[in-house]
Amino acid sequence: MNRLVIRGARLLGADAADLLVEDGVITEVGSVSAPPDAEVLDADGLVALPGLVDLHVHLREPGREDAETIATGSAAAAAGGFTAVFAMANTSPVTDTAEAAERVLDLGRACGLTEVVPVGAVTKGLEGAELAELGLMARSRARVRVFSDDGHCVHDARIMRRALEYIKPFGGVISQHAQDPRLAGREACCHEGEVSGRLGLPGWPGIAEESVVARDVMLARHTGSRVHVAHVSTAGTVEVIRWAKAQGIDVTAEVTPHHLALTTDLLLGYDPVYKVNPPLRPTEDVEALRAGLADGTIDAVATDHAPHARHDKEHAFVDAAFGMLGLETALSVVSDVMVHGGLLDWAGVARVMSASPARIGGLAHQGRGLAVGSTAHITLVDPDRKVTVDAAASRSRSRNNPWHGRTLRGAVEATVFAGRLTHDVRNGAGNRRELTNATTSGADL
Ligand SMILES: [Zn+2]
């Protein structure tokens with residue numbers, strides 16, 4: 001039997017307790033006397049959270065293994081404290097069939113560092129014209145529940161309506177990348193306002209997001225189905241979601257760490273590391289996003305981890321690819337901005353980075369708290385350790401890291417995935433041994 005004792009962690013930031021993990025399951029919580037064969041992890045002063053869950057990552061495999069693979073993305077996820085990540089469908093080929101979804105699932109299991117959950121495309125080839133094999137993907141071994149054309153908006157209202165109707169019987173959800181293509185086309189790359197005017201960059205107005213979200217919440221009400229808003233970026237979208245929730249409409253939403261912390265003025269140096277879709281917004285929007293996350297209008301933090309090879313990102317601003325890394329820094333950003341900013345406590349972080357995303361994505365064995373009988377997905381955090389981000393130290397294959405050189409307060413110390421250490425900053429040797437073990441045996445979920 002595999003035994004692990006975690007000694008003296010503050011569970012969700014409350015009182016300290018020991019956790020006994022046996023064969024991947026939490027079997028004792030409280031004061032534990034360590035069995036002689038148990039590995040012991042001293043967690044004095046650390047906060048224990050249920051393993052983090054990310055509803056929105058781009059792992060680039062298959063098709064762009066020069067930017068990221070499921071293996072390097074899984075390693076970045078483990079280092080960031082994640083025990084489950086949802087891999088978006090905009091790979092090559094697109095995840096729009098049962099076979100493609102099962103392939104992503106199997107590659108994730110072979111790595112065994114985190115649960116890799118495939119997101120299915122809403123439309124074939126992400127082209128917005130014809131529904132993908134939603135039912136076949138749902139019934140496949142991958143049990144797909146989250147569908148998204150992310151990178152593209154499902155802009156045709158009739159297609160969106162039919163997709164919502166189709167997924168309702170099996171409890172699916174459509175994660176919408178809200179961007180009206182007539183209001184913000186493919187070239188739009190800077191928040192429309194003073195900065196875009198000064199820099200001469202094509203504007204991406206907030207209304208292009210807000211108008212689609214307003215339509216989608218009405219379609220959710222009309223169909224009685226479930227819509228999730230990906231990467232909310234404006235105060236207006238927060239208002240629409242707040243209204244929709246008050247009406248009892250089944251809508252959920254996520255915000256990225258970068259939209260909680262970075263603002264439009266960073267674009268003044270034309271550095272493409274800050275080019276992201278939707279774009280960085282002004283301070284008023286950032287403040288509304290923080291407030292919306294604190295009061296529960298926004299349910300979850302999701303990274304939109306978007307690795308890019310240098311030859312796609314290091315261009316003139318208008319020609320560079322959209323997107324930033326996020327998996328390894330997400331917890332530190334949320335800790336710095338939300339916890340040390342006085343807006344969320346650690347139980348709140350557990351809600352927005354674990355319990356809510358697990359519920360939205362339909363993962364019954366993730367985000368379950370730290371109780372006897374739960375699968376041992378655990379993230380240990382030092383709430384006060386200051387980290388200065390070094391892009392070169394990333395496990396990701398890419399280096400498009402907007403946090404490079406910044407100092408953030410709060411850091412992931414160790415990650416336990418299904419009872420095994422997949423990351424431990426204080427014990428490199430143990431880490432490597434466990435990694436080898438995890439890699440060869442696969443995930444025991
Ligand atoms: Zn997107």
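Other residues, nucleotides and ligands contribute at most 12 non-hydrogen atoms within 6.0 Å of the CZ atom of R162. With a 6.0 Å radius and a threshold of 12 heavy atoms from other residues, nucleotides or ligands, R359 has its CZ atom above the threshold. Applying the 6.0 Å contact sphere to CD of E239 captures no more than 12 heavy atoms from other residues, nucleotides or ligands. Around the CZ atom of R161, the shell of radius 6.0 Å holds no more than 12 heavy atoms that belong to other residues, nucleotides or ligands. By the neighbour-count criterion of 12 heavy atoms within 6.0 Å, atom CD of E165 is densely surrounded, having more than that number from other residues, nucleotides or ligands.
The pair R242-D295 counts as a salt bridge, with a side-chain nitrogen and a carboxylate oxygen less than 4.0 angstrom apart. Between E413 and R426 a salt bridge is recorded (basic side-chain N to carboxylate O distance below 4.0 Å). A salt bridge is absent between R109 and E115; no separation between the charged side-chain nitrogens and carboxylate oxygens falls under 4.0 Å. In this structure, R10 does not pair ionically with D15, as no charged nitrogen and carboxylate oxygen lie closer than 4.0 Å. D66 has a carboxylate O that lies under 4.0 Å from a charged side-chain N of R64, or vice versa, which qualifies the two as a salt bridge. Salt-bridge formation is not detected for the pair D319/K313: no Lys NZ or Arg NE/NH1/NH2 atom is positioned less than 4.0 Å from an Asp or Glu carboxylate oxygen. With respect to R397 and E68, no salt bridge is recorded, no charged nitrogen being found less than 4.0 Å from a carboxylate O.
Looking at S233, its side chain never comes within 3.5 Å of a backbone N or O of P278 through a donor-acceptor pair. Judged by distance alone, the side chain of S398 and the main-chain N or O of P307 form no donor-acceptor pair under 3.5 Å. Side-chain atoms of S332 come within 3.5 Å of backbone atoms of G410 as a donor-acceptor pair (strictly under, hydrogens ignored).
Taking the ring centroids of H377 and F417, they lie under the 6.0 Å cut-off.
Side chain to side chain, N90 and H58 meet the donor-acceptor criterion of an N or O pair below 3.5 Å. Between R351 and S356, the side chains place no donor N or O within less than 3.5 Å of an acceptor N or O (distance only, hydrogens not considered).
When all heavy atoms of V213 and A178 are compared, the closest pair comes out as CG2-CB, 3.7 Å. A pairwise comparison of heavy atoms in A142 and P118 identifies CB-CG, 3.7 Å as the closest pair. In this structure, Y166 and L134 approach most closely via the heavy-atom pair CD2-CB, 3.8 Å. Taking each heavy atom of Y274 and L280 in turn, the nearest pair found is O-CD1, 3.9 Å. When every heavy atom of A78 is checked against every heavy atom of T415, the shortest pair comes out as O-OG1, 2.7 Å. Scanning both residues, L267 and C189, for their nearest heavy atoms gives CD2-O, 4.0 Å.
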Take E127 and T123 through the side-chain hydrogen bond (donor to acceptor under 3.5 Å, both in side chains) test and state the conclusion after the steps.
-> CA-CA 6 Å; E127 284 169 1; T123 65; over 6 Å; no

Passes salt bridge (Lys or Arg N to Asp or Glu O under 4.0 Å), D299 versus K245? Steps please.
-> CA-CA 11 Å; D299 301 82; K245 287 189 166 184; 2.8 Å; yes

Would you sort out whether D304 and H56 count as a side-chain hydrogen bond (donor to acceptor under 3.5 Å, both in side chains), showing the intermediate values?
-> CA-CA 5 Å; D304 196 3; H56 192 149; 3.0 Å; yes

Residue pair T234, D285: steps toward the side-chain hydrogen bond (donor to acceptor under 3.5 Å, both in side chains) verdict = CA-CA 5 Å; T234 79; D285 290 309; 4.8 Å; no

Evaluation steps, side chain to side chain contact (heavy atoms under 4.5 Å, CB included), between T83 and Q366 = CA-CA 8 Å; T83 56; Q366 295 271 359; 2.7 Å; yes

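Looking at N277, T256, D150 one by one, the single match for side chain to side chain donor-acceptor pair (under 3.5 Å) with H231 turns out to be D150. Of the candidates Q179, E192, H191, W204 forms a side-chain contact (heavy atoms from CB on, under 4.5 Å) with just one, namely Q179.
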